[in-house]
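All residue numbers refer to positions in the sequence shown, counting from 1.
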Amino acid sequence: MEAETGQTDTKAERTDTETGRDFWGTKRTDGGESSGTGVAESTETDTTPSLRILLIEDNPGDARLIEEMLRGTEELAQRVSSDETAGRTPEITRAKRLEEGLELFDQRAIDVVLLDLNLPDSQGLETLEKVSGASTATPIVVLTGLRDQQVGIQAIQQGAQDFLVKDEVTSELLVRTIHHAIERARQEYERRRQREQLETVNRLNDIGHDIIHSVITTETRAELEQEVCDRLTASDGYRFAWIGEVNPGSDDVVPKAAAGVEKGYLEDVEISVNEAVAAGQGPSGTAIRTGEVQVANRIDSDPDFEPWREEATTRDYHSSAAVPITHEDLIYGALHIYSSSTRAFTSPETQILARIGDTIAHAITALERRDALVSDAVIELEFRLEEMVPELVGLSERESGHISINQLVRGDETLLAYGSATDIPQETFEETVERIGGVSDSRFLSARRDEFEFEFVMPAAASLFEAIATHGGRVESATIANGEFRFVVELPRGRDTRQMIELIKEQRPDATYLAQRTTERSDRSGSSRGSTATIVLEEDLTEKQRAALETAYFAGYFEWPRESTGEDIADRLGIAPATFNQHLRTAERKFFDSVIGE
């Protein structure tokens, strides 16, 4: 049944699982198989019955008469079912006492009940009430020995589909009555299902509107995610909801917000996006990988949910939906919803949930962009490279020195690196650099007592840093110390850090992700002039103009005396001196116009 009620008709669900049919006997197409055969006076056969009838009757003569009327007839099966089982004989299971009949409800699927109201252990309409309580979905036809219309009317008012007077029953009347009872029950079920589905859709639409309101009123992503989870579990529709994201540097999905009946579930389960492991093959990991809503409508039997089944069912989670939260190429994670009902997530619901996921993603994007405009905070990702310039790595360890690369400037086909070395003899450093295959040229710019500055030309490293820049990042710094090469990539807030991590590992298999942190951008002063200068560098200058300006600055072009001439810098950038002068003058004019003009 649908999630609105928070409950499921256990009889209807049991029928679906055990027999491969719904409650009126229609064959399922999802591979379910029937189980068990008749007990008591039923006959075991090798063929699958198209209809299961439970006869609760203590009088052996009346029971035998009913069984004879139904046994061997194919008309009833033909009326009820139109598939390949329609020509098979219905299976009749008889119970002599009400207690025995109720036990059969728990053991097997029943499509229709023929019920005598007066049994050794129950009398009158109380008998009907107990059978109806066992399953509201299974149609009941009351058998009475009295020609009392009032009893029959009361029986129908209390849930029976029809009633028959035993002395007046004929085979034709019995077949027609059972057929009509099943058909009416089918129609009632369908109307109830549609009504509950409509209620669920309306409820979800209301939730969607509330989430849109939360988008407008919340100030942070954390507040928004918590509001979404709280709203989804505010009614009885869903038992538990949480939002998770992929932990940068690993495949694990970690929770960010949760609401509802959790009872330690998130601590007891492991969820991954790695398709190669069982923890990544469930709805959550698949939703994040594919960008599509994933539904497990029967947790107790869904093979993909097996790693989490025990933990889920003990908390009364019987169906779930995982909704991806993505915007363009940004993957924020997934929204996970659990219901105490089976089959709680139908196609209309999943469509609305997909829209809710899109709304959350757009809201997070907007919040991140707003924060990026008003805040200097950026995301830094730190990595270690095992095989980058091993000669310098070894030198830093032997000399207990420290090498910093403070600026990288991309030329047309090369990468210029400007840095400094501390507590390392310059002669030893120079001899070591000459042995590095990845450095095509180098020179020293200035020297002090324990420190000197240098310039490297590294064509081999250009592809890695080019890829980082293409995906919106930049190498903020690199250090060589204590026998390790580490570098830090800076990303604007809101960018997909996992995508950048995967990109770097793809470019450099020897890369190890170390840490992620949020920090203030180092090249902003916080003043209006500092902000203006940053805008000029990042937005007003062309790539070649910025390269010319940065190279000139870090190569000592503006020092007195100059540490590099215009010809030196033009040579490093692979351009003519006149072209360098043109780029540099244009960059200087734009920069001074913005800073001094302000």
Check for a donor-acceptor pair, side chain of [X] on one end and backbone N or O of [Y] on the other, with a separation under 3.5 Å.
X      : Y      : result
Ser339 : Ser319 : no
Arg94  : Glu57  : yes
Thr127 : Leu117 : yes
Asp116 : Val142 : no
Asp302 : Asp304 : yes
Arg315 : Glu262 : yes
Gln294 : Ala321 : no

Can you give me the closest heavy-atom contact between [X] and [Y], atom names plus distance?
X      : Y      : result
Gly282 : Thr286 : O-OG1, 2.8 Å
Lys96  : Leu119 : O-CD2, 4.2 Å
Ala296 : Pro283 : CB-CG, 4.0 Å
His327 : Thr365 : CD2-OG1, 3.3 Å
Pro139 : Ala185 : CB-CB, 3.7 Å
Gly101 : Leu54  : O-CD2, 3.9 Å

Could you grab the distance from atom [atom1] of [X] to atom [atom2] of [Y], nearest 0.5 Å is fine?
X      : Y      : atom1 : atom2 : answer
Leu115 : Leu98  : CG    : CG    : 7.5 Å
Ile178 : Leu114 : CD1   : CG    : 4.5 Å
Glu311 : Asp268 : CD    : CG    : 4.5 Å
Lys263 : Tyr317 : NZ    : OH    : 8.0 Å
Thr326 : His362 : OG1   : NE2   : 9.5 Å
Asp230 : Glu223 : CG    : CD    : 11.5 Å

Under 4.0 Å between a Lys/Arg side-chain N and an Asp/Glu carboxylate O for [X] and [Y]?
X      : Y      : result
Glu188 : Arg184 : no
Arg231 : Glu227 : no
Glu502 : Lys505 : no
Arg474 : Glu476 : no

- Identify the residue among Phe240, Phe345, Tyr238, Trp242 that makes a ring pair (Phe, Tyr, Trp, His ring centres under 6.0 Å) with His336.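 It is Trp242; the other options fail the test.
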
Can you tell if the side chain of [X] reaches within under 4.5 Å of the side chain of [Y], non-hydrogen atoms only?
X      : Y      : result
Leu335 : Leu232 : yes
Ile325 : Ile243 : yes
Ser284 : Ile271 : yes
Ile56  : Leu104 : no
Phe305 : Ser320 : yes
Val293 : Pro324 : yes
Leu514 : Thr512 : yes
Asp162 : His180 : no

- Message: Please evaluate residues Ile468 and Phe487 with respect to the criterion side-chain contact (heavy atoms from CB on, under 4.5 Å), reporting the C-alpha separation (whole Å), side-chain torsions for both, the decisive distance (0.1 Å), and the verdict.
- Response: CA-CA 12 Å; Ile468 292 173; Phe487 70 97; 4.3 Å; yes

- Message: Would you say that more than 12 heavy atoms from the other residues, nucleotides or ligands in this model lie under 6.0 Å from the CD of Gln507, or not?
- Response: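 Yes, CD of Gln507 has more than 12 neighbouring heavy atoms, counting only those of other groups under 6.0 Å.
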
- Where do His318 and Arg239 land on the side-chain contact (heavy atoms from CB on, under 4.5 Å) test, with the steps shown first? CA-CA 10 Å; His318 294 290; Arg239 187 164 176 81; over 6 Å; no

- Message: The test is side-chain contact (heavy atoms from CB on, under 4.5 Å); show your working for Glu100 and Asp58 and say whether it passes.
- Response: CA-CA 11 Å; Glu100 181 184 354; Asp58 65 318; over 6 Å; no

- Worked verdict on Lys130 versus Glu126 for salt bridge (charged side-chain N to carboxylate O under 4.0 Å, His left out): CA-CA 6 Å; Lys130 292 178 180 178; Glu126 182 181 349; 3.4 Å; yes

- Task: Give the C-alpha distance, both sets of side-chain angles, the deciding distance and a yes or no for side-chain contact (heavy atoms from CB on, under 4.5 Å) between Val277 and Ser272.
- Result: CA-CA 8 Å; Val277 300; Ser272 172; 4.1 Å; yes

- Query: Parallel, tilted or perpendicular: which fits the ring planes of Tyr265 and Tyr338, with parallel below 30° and perpendicular above 60°?
  - Reply: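 Judged by the thresholds at 30° and 60°, the geometry between Tyr265 and Tyr338 is perpendicular.
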
